[in-house]
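When reading the values below, keep in mind they use all heavy atoms of this one structure, side chains included, and skip hydrogens, waters and symmetry mates. Keep in mind the model is a prediction, meaning the values are calculated, not measured. Residue indices begin at 1 and follow the sequence shown.
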Amino acid sequence: MRNLAPRVGQAKYASRTGVFVRCTINERKEKMSTQTLTSEMKRPKVVSLKEWEAARQALLVKEKELTRARDALAAERRRMPWQALEKEYKFDGPRGKVSLLDLFDGRRQLIIYRAFFEPGVVGWPEHACIGCSMVADQVAHPAHLNARDTTLVFASRAPQKEIERLKARMGWELIPWYTITDDFDKDFGVDEWHGTNAFIRDGDNVFRTYFIDKRGDEQMGSTWTYLDITALGRQEKWEDSPKGYPQSPPYEWWIWHDENSDAPPSEEWSAAVERGIQAGQARRRS
């Protein structure tokens with residue numbers, strides 16, 4: 001995702017990108033509207049609704065197995081040992097110098113995605129790395145992570161002036177984005193490539209709890225996937241978490257992002273949540 005030049009194959013990639021960019025939106029739509037499946041394409045057979053539903057139900061069994069395996073993997077993450085941070089790190093932000101602890105913004109957990117936006121990256125200074133830009137495009141509204149006491153930020157080596165311009169151009173104003181000023185990227189495995197680090201705080205003490213990179217970053221963007229890599233998880237009662245971890249009934253922490261508040265859920269919403277839980281349990285028993 002860094003796309004630093006020169007690298008093997010970079011010119012070819014940039015050339016393909018350039019051709020794509022030169023195509024107008026109308027030209028691409030026209031090409032798509034005239035495309036048909038070719039005889040060389042080995043497509044699946046066409047079946048009736050009954051046969052299609054039978055095939056879907058068969059595949060659904062495997063999908064549920066994958067979901068349970070994903071939940072089990074997240075439970076293992078919550079039992080990962082923590083790495084104590086022994087160095088102080090400083091970043092530039094919209095309001096000046098800040099520490100790593102400041103990036104938590106008063107919350108218990110912090111997730112930092114290292115985005116490549118700096119001199120030498122393909123697209124500079126108009127754009128960040130293409131892959132990192134795609135990641136930014138996927139990021140859900142931060143209010144939902146905040147409701148689980150978790151903050152998400154991006155970090156790059158570009159100066160704040162360029163970051164603010166890029167955020168405005170690309171519609172990323174809601175993503176807190178800081179400038180790396182020291183060895184943070186080198187120390188946390190994101191100096192040559194992208195990656196997502198998760199941290200937790202105990203007072204003023206900060207610990208690294210998990211790290212993903214490479215294709216692991218492809219899944220990121222939704223509130224659920226971010227929470228699943230944190231030490232505390234989704235913090236819902238159904239999760240397999242160590243004793244004493246904060247947990248609440250599922251759904252009760254959901255919010256409308258324009259009405260974020262610390263008020264407890266209403267009796268009506270709690271009742272609706274309970275009905276949904278009971279209905280789900282009944283389906284599983286059947």
Side-chain angles (χ1 to χ4, degrees), residues 63-87 89 99-113 140 142-153 188-189 195-213 216-217 219-255 260-267 269-286:
E63 289 179 344
K64 288 182 179 294
E65 291 175 352
L66 178 60
T67 298
R68 288 190 286 269
R70 189 167 55 242
D71 290 341
L73 181 60
E76 287 191 46
R77 290 193 191 106
R78 293 191 287 277
R79 291 165 172 82
M80 274 277 296
W82 296 356
Q83 174 192 345
L85 271 61
E86 300 176 352
K87 290 174 60 175
Y89 296 97
S99 67
L100 180 64
L101 190 63
D102 292 328
L103 301 191
F104 281 78
D105 199 19
R107 300 184 181 93
R108 187 180 308 191
Q109 296 189 126
L110 171 67
I111 300 169
I112 302 180
Y113 175 71
H144 305 293
L145 279 174
N146 297 166
R148 293 279 85 175
D149 212 9
T150 302
T151 298
L152 169 70
V153 306
F188 291 97
T196 305
N197 279 282
F199 302 90
I200 196 169
R201 58 180 294 198
D202 181 9
D204 291 341
N205 297 314
V206 179
F207 305 88
R208 185 192 196 192
T209 60
Y210 205 66
F211 172 66
I212 63 169
D213 61 355
D217 274 321
Q219 65 179 325
M220 306 314 295
S222 79
T223 301
W224 318 115
T225 50
Y226 279 125
L227 289 176
D228 283 346
I229 69 165
T230 65
L232 301 180
R234 303 185 187 189
Q235 303 166 52
E236 295 184 340
K237 288 184 176 180
W238 63 269
E239 286 183 304
D240 175 12
S241 293
K243 183 179 179 180
Y245 273 42
Q247 290 187 320
S248 63
Y251 318 119
E252 281 196 353
W253 58 276
W254 291 9
I255 59 171
N260 188 15
S261 71
D262 295 327
S266 66
E267 292 183 4
W269 177 232
S270 295
V273 168
E274 185 59 29
R275 287 195 299 272
I277 293 173
Q278 295 299 326
Q281 291 175 342
R283 284 194 297 270
R284 286 193 292 272
R285 285 195 297 268
S286 63

Kindly compute the distance separating CD1 (Ile112) from OH (Tyr89), expressed to the nearest 0.5 Å.
-> 10.5 Å

For residues Phe199 and Arg208, report the shortest heavy-atom separation together with the two atoms involved.
-> CD2-CA, 3.7 Å

Gap separating the CZ atom of Phe104 from the CG atom of Leu110, nearest 0.5 angstrom | 4.5 Å

Look at atom NZ of Lys64 and say whether more than 12 heavy atoms of other residues, nucleotides or ligands are closer to it than 6.0 Å.
-> no

Taking Arg201 for its side chain and Leu101 for its backbone only, find out whether a donor-acceptor pair lies under 3.5 Å.
-> no

Applying side-chain contact (heavy atoms from CB on, under 4.5 Å), run through Met220 and Tyr113 and close with a yes or a no.
-> CA-CA 10 Å; Met220 306 314 295; Tyr113 175 71; over 6 Å; no

Distance in Å, Asp105 CG paired with Leu152 CG, rounded so as to fall on 0.5 Å steps = 12.0 Å

Crowding at CD, Glu86 (>12 non-hydrogen neighbours, <6.0 Å) | no

Walk me through it: do Arg148 and Ser248 pass the test side chain to side chain donor-acceptor pair (under 3.5 Å)?
-> CA-CA 10 Å; Arg148 293 279 85 175; Ser248 63; 3.2 Å; yes

Donor-acceptor contact below 3.5 Å, side chain Thr209 vs main chain Ala198 = yes

CZ/Phe211: more than 12 non-hydrogen atoms of other groups inside 6.0 Å | yes

With sequence neighbours left out, write down each residue that passes side chain to side chain contact (heavy atoms under 4.5 Å, CB included) with Pro242, or none if nothing qualifies.
-> Arg78, Arg79, Tyr245

What are the two closest heavy atoms between Ile212 and Gln219, and how far apart are they?
-> CD1-NE2, 4.5 Å

Shortest non-hydrogen pair, Glu236 vs Gln247, comes out as O-NE2, 2.9 Å

If you round to the nearest 0.5 Å, how far is CG of Leu85 from CG of Leu100?
-> 6.0 Å

Name the one of Thr150, Leu145, Asn146 that satisfies side-chain contact (heavy atoms from CB on, under 4.5 Å) with Arg107?
-> Asn146

Less than 4.5 Å apart, any side-chain heavy atom of Asp149 and any of Gln109?
-> no

Please confirm whether the backbone N or O of Phe188 pairs with a side-chain atom of Asn197, one donor and one acceptor, at under 3.5 Å?
-> yes

Taking all heavy atoms of Thr223 and all of Ala140, pick out the closest pair and write down the distance.
-> OG1-CB, 3.9 Å

Could you walk me through whether Ile200 and Thr230 pass the side-chain contact (heavy atoms from CB on, under 4.5 Å) check?
-> CA-CA 8 Å; Ile200 196 169; Thr230 65; over 6 Å; no

Would you check if there is a donor-acceptor pair between the side chains of Asp102 and Ser99 at a distance under 3.5 Å?
-> yes

Could you please spell out the steps behind the side-chain contact (heavy atoms from CB on, under 4.5 Å) verdict for Arg108 and Gln235?
-> CA-CA 12 Å; Arg108 187 180 308 191; Gln235 303 166 52; over 6 Å; no

Look at the aromatic rings of Trp253 and Trp224 and report parallel, tilted or perpendicular, splitting at 30° and 60°.
-> perpendicular

Val153 and Thr151: which non-hydrogen atoms are nearest, and at how many Å?
-> CG1-CG2, 3.9 Å

Name every donor-acceptor pair, under 3.5 Å, that has one atom in a side chain of residues 68-75 and the other anywhere in the protein, sequence neighbours excluded.
none

Any donor-acceptor pair under 3.5 Å linking the side chain of Glu239 with the backbone of Gly233?
-> no

